[in-house]
Amino acid sequence: MTTAAPAAVTAPVPGEEPPRRRRVSRDSVAAWGLLSPNLVVFGVFLFIPLLATVWLSFYSSSGFGPREFVGVDNYAELFGDSTFWRATANTFLYALLTVPVSLVIGLGIALAMNKPLRGRGVLRAIYYVPYVISGVVIAVAGRWIFNENVGVINRLLRSAGLDGVPWQSDAVGAMGSLVLISIWTKIGFVMVVYLAGLQSIPKEYLEAAQTDGAGRWQRLRYVVVPLLKPTTIFLVVLGVIESFQVFDIVYVLTGGGPGNATEMLVTYAYAEGFDARRQGYAATIGVVTYLFIAVLTALWYRRQRAQEADL
Amino acid sequence: MISSRLSRRGFLGATAAGALALTGCGTGFALQSGDGTGSTEGRLSFTLWAGEAELAAFRTVAERWTASSGVPVVFNVVPFSEALTGVDANLASNRGPDLFRVTYQDIGIYAAGGALLDLTDLLPGGFLQGFGDAFVSAVQSEGRVYGVPHHTDTSLVLYDTEALAGARIPTGLDDAWTWEEFRSIAAGLPTGDAQFAFGVNWQLAGAYRWLNWVDQRGGRLLTDNLTGPAIDSTAGRDALAFTQAFFTDGLVPPTTSTKGSYVDELFTTGTIAMVFAGDFLLPTIDPAFVSAGREYGATFLPADERASADLGGNAVVATAQSVNPEAAADFLAFLSDDEQQALFCEQATVLPTRTALLGQQLDYAVRPDLMELFVEQATTITPELSAQVTVPQFNAVNASIVDRLEQAFLAGDDPGRVLADLAEDITGRLA
């Protein structure tokens, strides 16, 4: 009886599928059914445009009319294009200046907002508002603030008897205005994500550290920051991707100038695609930008995984 | 187990039913071809950017034409910065409008790409003979006609009357300031931390206006056959050295380079005493001066070996995708006949392209006294310069002009080196 029972359950009956396979098959159908809406959306709005961009990068095209297949000519031209390399350097610099600073400031604000504080909700909203406002609106406001001739900052400086800052005509000033505006918009989001991370840290860890004699700084340095590592990885990856996609603020605030001092990869792609109407070349810039982001993200994840494995 | 299976089936069934329901709803909301942008039989769709006065004039003309033809005109008004991007996208997806407004500098690339309706045999015989040579040249490509020259704009020097009190103000093209006289007057104006002598309207798409200086010196951007660069010349270097000094000598705000801010606002705020500005800006500038109790005047562009002015303004074209080619051509001819063009120019404060209107006193809505000077300056737009700035690759060439002038103006690079680089860029752009 005891030996026959399992045989009765597992033995395949001729002409009938094994229940396990049937279940797997049903699960697969259900899984594909649930995945398919997302796959369709990703396919139509992400994968197909991505493949089309790669395809277009091998053509010379004004966007309409006949296209001419040029093989890898666009890539060859790109690697010898000094403006492209300047835009690449600017984009890396922009990411390097905005991501770490916005993380540090955002974490500082999150730590402050994580404590009982009168008007905490209002303050959180105030910090978060710039992140949800359109980049174009932010940049237009930035034009009034950083305008070299009639902007708010320079007027205040001049009324105090100081020289105005060359926000528009000097490379450092222009990049500075972009970085300041960008950090202002980013810290709200960083604060909210760090707040979520802080609230998931068990209080017992901090209490145990305090019992062991750890001071406020040591608790932050040796308990809070390590436990926020997944949050930080997420924010760094997202921040770098956002930095490589920056367009609206640059387009409106500096237009890539002076010279090419604030030209970024995406603004350069736009200029080539829509001002110069070289859409094949613009697609090439897009493909290379995509590769930069993919490689940077992969390297960052790999480094983090290696560090976690060492721990 | 059973209940779980049933639940999943139920869920999947509900999902499928929901999807079907959404599909059903979707048919009700499907985009219809020709929903204001695409060409559709029985009407003309017209994509354009337009200020209030311009749009009112367009509508008046369209209503007149509809009254006689019975074909309605549907306007799709978009911001200037997005207009051609939108047209490009619609053309690429085979949803191009019947008609669209286009700068003279952009016609070439659309014509070369086969996007425009060839109007050569559709417009009335001899129709183009009624326009100035420079404008006819601007709407032609390889001997075929692709649009009608709807109006033009050009630049003058506007000045704050009080600031220029005591300076000689030219009253005719023949006695326009020489380069040296202009520079001397500008250098005599008070400048300071936030105060400059003047600003020039060569920002971004307007960078080609720098070519006025080259043309005034007797130089060219492109060779006579328009196939190669001719900018790296003595005239080009002289023009660049002269204009570069505007920045190095602090006569213009450093923010007004080719990638910088538009200059008209600096004139109305009093940051600059003179501005190179197009006639189409008068409706903006005039109220600002009136409300501030200030006065301004206008005079001709400085001249050197000869007088020269920039080809501004717009044409209207029909697309090759139009399903109403005859109606589109008929509307274009009507839109730019003497009577309709006069109406448009008067209401929108822009200049005519029809030779019959050049000698007439039009009843301009804003500063008709200054518009007479603009009309006179427009006579210095030459077919030669017009042909150079309307080659199919001019957008790309203009983008190089923006970059290279910025290099000279702000980085202070040697004019010879900058123009050698520009010539190399142009060779690549024209290839």
Side-chain angles (χ1 to χ4, degrees), chain A residues 23 26-27 29-30 33-34 36-37 40 60-67 77 81-83 86 143 146-151 154-155 157-158 161-164 166-171 173-174 251-252 254-263 268 270-279 281, chain B residues 5 8-9 11-12 15-16 19 84-85 87-93 96 106 109-115 193-196 203-205 247 253-261 265-266 269-272 319-321 392-393 395-400 402-403 406-407 409-411 413 428-429:
Chain A
R23 197 181 309 141
R26 280 179 185 155
D27 285 347
V29 170
L34 292 167
S36 55
V40 169
S60 170
S61 166
S62 62
F64 48 82
R67 296 183 186 91
E77 184 184 340
D81 180 352
S82 59
T83 308
R86 180 68 197 260
R143 281 179 78 107
F146 292 107
N147 187 297
E148 198 168 316
N149 300 305
V150 294
N154 278 6
R155 279 190 174 185
L157 288 171
R158 287 192 194 107
L162 300 168
D163 288 338
W167 297 112
Q168 291 166 288
S169 59
D170 178 73
Y251 186 73
V252 177
T254 67
N260 293 316
T262 57
E263 194 76 83
Y268 185 47
Y270 181 86
E272 284 296 310
F274 294 102
D275 293 341
R277 286 207 170 80
R278 301 179 69 213
Q279 300 216 333
Y281 193 64
Chain B
R5 218 177 264 173
R8 188 173 63 214
R9 280 181 184 164
F11 175 76
L12 290 173
T15 305
L84 297 185
T85 312
V87 166
D88 289 4
N90 283 324
L91 287 172
S93 57
D106 282 307
I109 194 162
Y110 286 107
D193 202 11
Q195 185 70 45
F196 298 88
Q203 289 73 33
L204 300 173
F247 288 87
T255 56
T256 59
S257 182
T258 44
K259 281 191 177 177
S261 313
E265 200 174 77
L266 298 175
T269 56
T271 303
I272 53 179
T319 67
Q321 292 174 9
Q393 303 87 347
N395 280 291
V397 171
N398 192 67
S400 292
V402 170
D403 284 341
E406 186 103 333
Q407 201 178 314
F409 293 162
L410 293 185
D413 287 2
R429 301 292 201 188

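The sequence lines fix the lettering, A, B, ..., with proteins before strands; numbering per chain opens at 1.
- In this structure, the portion of B:D106 lying under 4.5 Å from any heavy atom of chain A is its side chain and not its backbone.
- Counting all heavy atoms, side chain and backbone alike, B:E406 lies closest to A:P258 at OE2-CA, 3.0 Å.
- For a residue to count as touching a neighbouring chain, one of its non-hydrogen atoms must lie under 4.5 Å from one of that chain's; by this rule A:E263 touches chain B with the side chain only.
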For this session: Verify side-chain contact (heavy atoms from CB on, under 4.5 Å) between B:Q407 and A:N260, making sure each step is shown before the conclusion.
Result: CA-CA 9 Å; B:Q407 201 178 314; A:N260 293 316; over 6 Å; no

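- Here the closest non-hydrogen pair linking B:P254 and A:S169 is CB-CB, 3.4 Å.
- Within a 6.0 Å radius of CD in B:Q393, other residues, nucleotides and ligands contribute more than 12 heavy atoms.
- Here B:K259 contributes atom NZ and A:T262 contributes atom OG1; the two are 7.5 Å apart, rounded to the nearest 0.5 Å.
- Under the 3.5 Å distance criterion, with hydrogens and angles disregarded, a donor-acceptor pair is assigned to the side chains of A:N149 and B:T255.
- Proximity to chain A involves both the backbone and the side chain of B:I109, based on heavy atoms less than 4.5 angstrom apart.
- In this structure, the portion of B:T271 lying under 4.5 Å from any heavy atom of chain A is its side chain and not its backbone.
- Looking only at heavy-atom pairs under 4.5 Å with chain A, the residue among B:L84, B:T256, B:D403 that has the most is B:L84.
- Neither the backbone nor the side chain of A:S61 comes within contact range of chain B, judged by heavy atoms closer than 4.5 Å.
- Contacts between B:A92 and chain A at a heavy-atom distance below 4.5 Å involve backbone atoms as well as side-chain atoms.
- Residues B:S261 and A:R143 have side chains in contact (heavy-atom distance under 4.5 Å, counting atoms from C-beta outward).
- Using a 4.5 Å cut-off between heavy atoms, B:L204 makes no contact with chain A at all.
- Residue B:Y110 touches chain A through both its backbone and its side chain, counting heavy-atom pairs closer than 4.5 Å.
- In this structure, chain B has a heavy atom under 4.5 Å from the side chain of A:Y270, while its backbone stays farther away.
- A:R277 contributes atom CZ, which lies 7.0 Å from atom OG1 of B:T85 (distance to the nearest 0.5 angstrom).
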